[in-house]
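When reading the values below, keep in mind they use all heavy atoms of this one structure, side chains included, and skip hydrogens, waters and symmetry mates. Each chain gets a letter, A, B and so on, in the order the sequences are listed, and its residues count up from 1.
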2 protein chains.
Amino acid sequence: MKQIATRKILPATPAPTEGELYGITELAQEFGISLRAIRFYEDKGLLAPRRINGGRAYTRRDRARLGLILRGKAVGMSLAEIEHILSLYGDHGEGHVKQLEYLIGRIDAATTELDTRRRHIVAMLAELGEVKGQLQRTLAAKRRVKKK
Amino acid sequence: MKQIATRKILPATPAPTEGELYGITELAQEFGISLRAIRFYEDKGLLAPRRINGGRAYTRRDRARLGLILRGKAVGMSLAEIEHILSLYGDHGEGHVKQLEYLIGRIDAATTELDTRRRHIVAMLAELGEVKGQLQRTLAAKRRVKKK
DNA sequence: GCGCCTGCTTACGTTAACGTCAACATGATC
DNA sequence: GATCATGTTGACGTTAACGTAAGCAGGCGC
């Protein structure tokens with residue numbers, strides 16, 4: 001079944017409400033991941049594409065979510081953490097004041113955690129820099145000896 | 001068995017070659033991890049403490065390695081990656097020129113990878129900042145309405 | 001001498017994040 | 001109308017990173 005066919009079958013249809021639709025293979029290739037992974041994220045509730053003739057059809061929004069998922073993974077977050085982050089990106093336009101405040105608080109929490117992680121990385125980078133400097137010095141010394 | 005006893009039994013001994021020794025519980029408490037985790041890291045070859053009367057005795061160097069392990073984890077690295085990083089910190093003072101160049105190359109590789117990760121984090125922080133700004137604006141609007 | 005505490009090893013259990021494989025459906029193509 | 005590419009849903013396997021439990025040993029306090 002080719003859900004992409006949906007797009008081909010309706011080529012000139014501007015699709016007023018939603019824009020372009022993507023197939024699962026399309027996304028998998030674009031992001032360089034397996035189909036199984038994408039379905040797995042769906043099982044975990046991180047994605048919820050529409051179904052067209054049994055096949056999965058992803059909107060631009062879904063695609064963006066997938067991007068966020070992968071970015072989260074690149075950062076070292078677990079899928080559970082990523083799920084929390086993703087819940088911050090919705091259409092919570094009709095949230096009550098309480099809800100909005102809650103969301104902002106969650107964003108702050110995620111922010112501080114990410115920043116902590118960032119600082120750890122910066123520290124490791126600094127340490128690696130020192131080690132490298134050390135090695136370079138001994139290397140330079142060895143070379144001086146060799147030349148003379 | 002109390003390997004810490006070793007330290008207590010030899011209290012005033014300046015221990016010329018090696019400094020202070022730490023017990024496993026000591027390290028576990030200091031770093032807030034389980035004994036099992038520490039032993040696990042040893043099984044994986046990330047730590048290799050000396051044995052005193054069957055008990056594990058950690059030097060300051062071992063302790064530092066454990067710190068690096070945990071920092072690596074905080075950054076989102078796998079134990080395998082951490083192992084690679086740790087191998088850069090040894091006493092490779094007597095390395096040949098080739099070996100030193102190789103090590104420096106590995107450091108560079110690790111550095112660029114970490115920096116990529118760092119940039120990803122920075123990007124996520126920026127996105128979260130935008131989301132927060134959005135929420136704050138809608139929140140402010142709602143409050144203005146409420147006040148009037 | 002007897003618990004008690006700390007430590008060791010061995011073995012099995014667990015969770016996350018997928019990979020792999022089988023069996024089946026369907027639209028396109030020859 | 002048979003084949004093929006692409007899709008679907010299970011079900012099971014796998015790796016990493018530990019947790020948990022069982023059983024045993026050696027000091028210490030009383």
Protein-nucleotide distance ([X], atom [atom1]; [N], atom [atom2]), rounded to Å:
| X | N | atom1 | atom2 | answer |
| --- | --- | --- | --- | --- |
| B/Phe40 | C/dT10 | CZ | C1' | 15 Å |
| B/Leu47 | C/dC8 | CG | C1' | 17 Å |
| B/Glu42 | D/dA17 | CD | C1' | 16 Å |
| A/Leu79 | C/dA17 | CG | P | 4 Å |
| B/Ile33 | D/dC18 | CD1 | P | 8 Å |
| A/Asp43 | D/dA11 | CG | C1' | 13 Å |
| A/Glu83 | C/dT15 | CD | P | 17 Å |
| B/Arg51 | D/dA25 | CZ | P | 17 Å |

Is the phosphate of [N], meaning OP1 or OP2, less than 4.0 Å from a side-chain N or O of [X]?
| X | N | result |
| --- | --- | --- |
| B/Arg56 | C/dC8 | yes |
| A/Tyr41 | C/dA17 | no |
| B/Lys73 | D/dC18 | yes |
| A/Arg39 | D/dT8 | yes |

Using a strict threshold of under 4.0 Å (side-chain N to carboxylate O), is an ion pair present between [Y] and [X]?
| X | Y | value |
| --- | --- | --- |
| B/Glu101 | A/Arg143 | yes |
| B/Asp62 | B/Arg65 | no |
| A/Arg63 | A/Glu20 | no |

- Query: Which pair of non-hydrogen atoms, one from B/Ile38 and one from B/Leu66, has the smallest distance, and what is that distance?
  - Reply: CD1-CD2, 4.2 Å

- Please name the pair of heavy atoms, one in A/Leu27 and one in A/Tyr58, separated by the smallest distance, quoted to 0.1 Å.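 Closest heavy-atom pair between A/Leu27 and A/Tyr58: CD1-CG, 3.5 Å.
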
Listed nucleotide nearest any side-chain atom of [X], set [options]:
| X | options | result |
| --- | --- | --- |
| B/Ile24 | C/dA17, C/dC8, D/dC18 | C/dC8 |
| B/Arg36 | C/dT9, D/dC18, D/dT9 | D/dC18 |
| A/Thr25 | D/dT6, D/dA17, C/dT20 | D/dT6 |
| B/Ala37 | C/dC18, D/dA17, D/dG19 | D/dG19 |

- Walking DNA chain D from its 5' end, the first of B/Ser78 and A/Leu35 to be reached, judged by nearest nucleotide, is A/Leu35

